Amino acid sequence: MSRIRTLVIVLAGGAGGRLELLTRERAKPAVPFAGSHRLIDFPLSNCHNSGLSDVWVVQQFNPISLSDHLSNGRPWDLDRTVGGLLLLQPRQGDDGRSGFPRGTADALWRNAPLIRDFAPEALVVVSADAVYAQDYGELVAGHVESGADVTMVTTEVASDDAARYGVVQADGGRIRDYEYKPDEPKGNLVANEVFAFSPGPLLETLEDVDEPEDLGHEVLPRLVDAGGAREARFDGYWRDVGTVDAYWQCHMDLLADEPPIDLDAPGWPVLTHATGRRAAVRMRPGAEVEGSLLGPASIVSGTVERSVIGRGAVVEPGATVREAVILPGAVVRSGSSVVRAVIDDEVEVAADVGEAGGDIALVGLRERVNEPVPAGGRFPEVE
């Protein structure tokens with residue numbers, strides 16, 4: 001059986017405003033995760049583990065923060081002589097498709113000539129702000145066999161969270177209704193931003209829509225109304241980490257006695273670009289650690305409970321970290337406490353941040369905290 005010619009496009013250009021300070025100076029897919037990875041590692045690792053080697057990444061917002069991490073695709077075996085990783089950025093030109101995309105559909109429309117030239121049999125389009133492991137190759141095989149115009153990967157979410165997504169009504173595998181971010185969702189079955197398209201119908205729809213912006217608003221409803229949409233139900237662990245609370249909670253999920261996803265699963269590892277800080281964790285005398293993840297080169301001399309400590313981060317003697325996410329290079333000084341909070345890269349904490357049972361506090365990139373930050377607080381304050 002011949003391989004299906006597949007192109008994967010990772011939509012990585014969004015501003016990620018709901019992550020607030022975490023995306024003030026970086027692209028959302030470049031946000032660190034689990035002490036050692038970044039969010040874009042999940043779709044790229046899915047590509048690698050699925051045996052798909054033609055991967056294009058659409059960039060726009062703060063692209064440098066992401067380009068450095070991508071490293072020409074080498075960590076995911078995408079640095080190929082033919083094919084491999086291609087970065088698509090806003091450009092100037094005379095074809096009427098230059099400039100900055102206004103949304104996901106617009107990004108595909110502006111690159112439609114390149115997609116046609118590549119001539120894929122199947123086009124996989126994914127976002128880069130969720131934590132999950134999925135075989136895209138299996139998805140493509142099912143899609144091509146079905147003859148559908150689009151296969152949407154669907155999953156169930158909490159009913160009070162469904163309004164953040166495209167809500168799906170399905171019957172026997174066929175999608176009969178799709179509504180993007182409705183005010184009053186009709187259910188909790190949602191499209192999880194992983195799609196397999198038949199290129200012809202997608203590209204035709206993009207040309208038919210006047211000034212397309214988002215797939216969810218203009219393109220997917222048309223394909224559903226035309227009767228060519230099917231679902232592929234995903235029952236594994238999937239978490240959108242597009243908000244600060246969801247980002248924090250996903251880290252807490254990793255601390256379970258049996259984590260719902262294994263970043264080092266032998267058959268499906270989540271690969272990443274390893275930085276220069278690769279040394280083993282150092283736990284100094286007096287350190288107390290319980291139920292936590294400690295990133296490479298981190299140094300712990302204080303108390304850490306149910307927390308994630310990032311690569312090269314430091315918890316000094318007499319400092320306390322509980323139910324918190326400390327990103328790479330941050331330092332929690334002696335006498336300080338960080339509780340139910342997210343501390344960004346290279347932050348210096350010299351006062352208390354957050355409190356037990358409170359809302360999640362957040363401290364932005366490279367800040368120094370000299371005054372207490374209350375539960376649910378932001379430092380610096382968001383205007």
Side-chain angles (χ1 to χ4, degrees), residues 1 3-11 42-52 54-56 104-105 108 115 120-158 161-162 164-181 185-203 205 214-216 219-242 260-261 265 267-268 270:
M1 179 178 173
R3 292 188 63 181
I4 300 169
R5 182 170 173 80
T6 302
L7 173 62
V8 181
I9 296 183
V10 181
L11 299 174
F42 290 92
L44 294 183
S45 296
N46 286 336
C47 291
H48 170 81
N49 295 325
S50 302
L52 301 178
D54 290 294
V55 181
W56 298 358
T104 53
L108 295 177
I115 297 172
E121 297 174 78
L123 178 64
V124 177
V125 178
V126 303
S127 65
D129 56 1
V131 174
Y132 67 108
Q134 182 176 13
D135 189 338
Y136 296 158
E138 182 178 287
L139 170 67
V140 166
H143 170 75
V144 171
E145 183 180 1
S146 74
D149 294 338
V150 59
T151 296
M152 303 186 199
V153 178
T154 60
T155 191
E156 293 184 351
V157 299
D161 198 35
R164 292 174 50 204
Y165 310 100
V167 178
V168 170
Q169 302 295 318
D171 184 11
R174 176 179 171 272
I175 295 177
R176 53 184 173 81
D177 186 63
Y178 174 89
E179 191 173 7
Y180 188 59
K181 297 184 178 180
K186 299 175 183 177
N188 68 331
L189 183 66
V190 304
N192 72 357
E193 304 298 318
V194 178
F195 307 102
F197 290 100
S198 297
L202 171 64
L203 296 176
T205 303
D214 289 311
L215 287 171
V219 176
L220 294 175
R222 290 196 179 206
L223 295 177
V224 170
D225 290 344
R230 65 183 285 270
E231 70 159 335
R233 190 68 59 91
F234 184 74
D235 296 323
Y237 181 82
W238 177 86
R239 290 293 182 273
D240 179 314
V241 292
I261 185 169
W268 207 271
V270 180

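Quick caveat: nothing in here was measured; it's all calculated off a predicted structure.
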Which distance, rounded to the nearest 0.5 Å, do you find between the [atom1] of [X] and the [atom2] of [Y]?
X      : Y      : atom1 : atom2 : answer
Leu44  : Leu52  : CG    : CG    : 11.5 Å
Leu223 : Thr205 : CG    : OG1   : 4.5 Å
Ser50  : Glu138 : OG    : CD    : 9.0 Å
Ser45  : Gln134 : OG    : CD    : 13.5 Å
Ile4   : Glu145 : CD1   : CD    : 9.0 Å

For the student: nearest non-hydrogen atoms of [X] and [Y], plus distance:
X      : Y      : result
Ala191 : Tyr178 : CB-CE1, 4.1 Å
Val10  : Ala128 : CG1-CB, 3.9 Å
Ala232 : Thr151 : CB-CG2, 3.8 Å
Val157 : Ala162 : CG2-CA, 3.9 Å
Asn46  : Ala133 : OD1-CA, 3.4 Å
Gly187 : Val167 : O-CG1, 3.8 Å

- May I ask you to decide if Arg176's main-chain N or O and Gln169's side chain share a donor-acceptor pair within less than 3.5 Å? no
- Whether Asp54 side chain and Leu7 backbone form a donor-acceptor pair below 3.5 Å: no
Suppose we screen for ring pair (Phe, Tyr, Trp, His ring centres under 6.0 Å). Which residues come up paired with [X], at least two apart in sequence or across chains?
X      : value
Trp268 : none
Tyr165 : Trp238
Tyr237 : none

- Task: Report the C-alpha separation of Leu203 and Leu123 in whole Å, then their side-chain angles, then the decisive distance to 0.1 Å, and conclude whether the side chain to side chain contact (heavy atoms under 4.5 Å, CB included) test is met.
- Result: CA-CA 11 Å; Leu203 296 176; Leu123 178 64; 5.7 Å; no
Sequence neighbours left out, what passes side-chain hydrogen bond (donor to acceptor under 3.5 Å, both in side chains) with [X]? Give chain and number order.
X      : value
Asn192 : none
Arg164 : Asp161, Asp240
Glu231 : Thr154, Arg233
Asn49  : none

Please output the side-chain donor-acceptor pairs of residues 195-202 that fall under 3.5 Å, not counting sequence neighbours, one pair per line with the distance.
unit_1 : atom_1 : unit_2 : atom_2 : d
Ser198 : OG     : His143 : NE2    : 3.0
Ser198 : OG     : Ala148 : O      : 2.7

- Message: Tell me every residue that passes salt bridge (Lys or Arg N to Asp or Glu O under 4.0 Å) with Arg239, counting only those two or more places apart in sequence or in another chain.
- Response: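 Scan of Arg239 (salt bridge (Lys or Arg N to Asp or Glu O under 4.0 Å), adjacent residues dropped) gives Asp253.
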- salt bridge (Lys or Arg N to Asp or Glu O under 4.0 Å) partners for Asp177, two or more places apart: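 Lys186.
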- Message: Pair Glu121, Val144 - check side chain to side chain contact (heavy atoms under 4.5 Å, CB included), show working.
- Response: CA-CA 8 Å; Glu121 297 174 78; Val144 171; 5.5 Å; no
- Just jot down the side chain to side chain contact (heavy atoms under 4.5 Å, CB included) partners of Asn188, sequence neighbours excluded, or say none. Glu156, Ser159
- Message: According to salt bridge (Lys or Arg N to Asp or Glu O under 4.0 Å), does anything in residues 124-135 pair up with another residue at least two apart or in another chain? List the pairs.
- Response: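 Matches after skipping sequence neighbours: Lys28-Asp129.
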- Message: Are the side chains of Thr6 and Tyr136 in contact, using a 4.5 Å heavy-atom criterion?
- Response: no
- Message: If you apply the rule side chain to side chain contact (heavy atoms under 4.5 Å, CB included), what do you find for Val194 with Tyr132, and how did you get there?
- Response: CA-CA 11 Å; Val194 178; Tyr132 67 108; 3.4 Å; yes
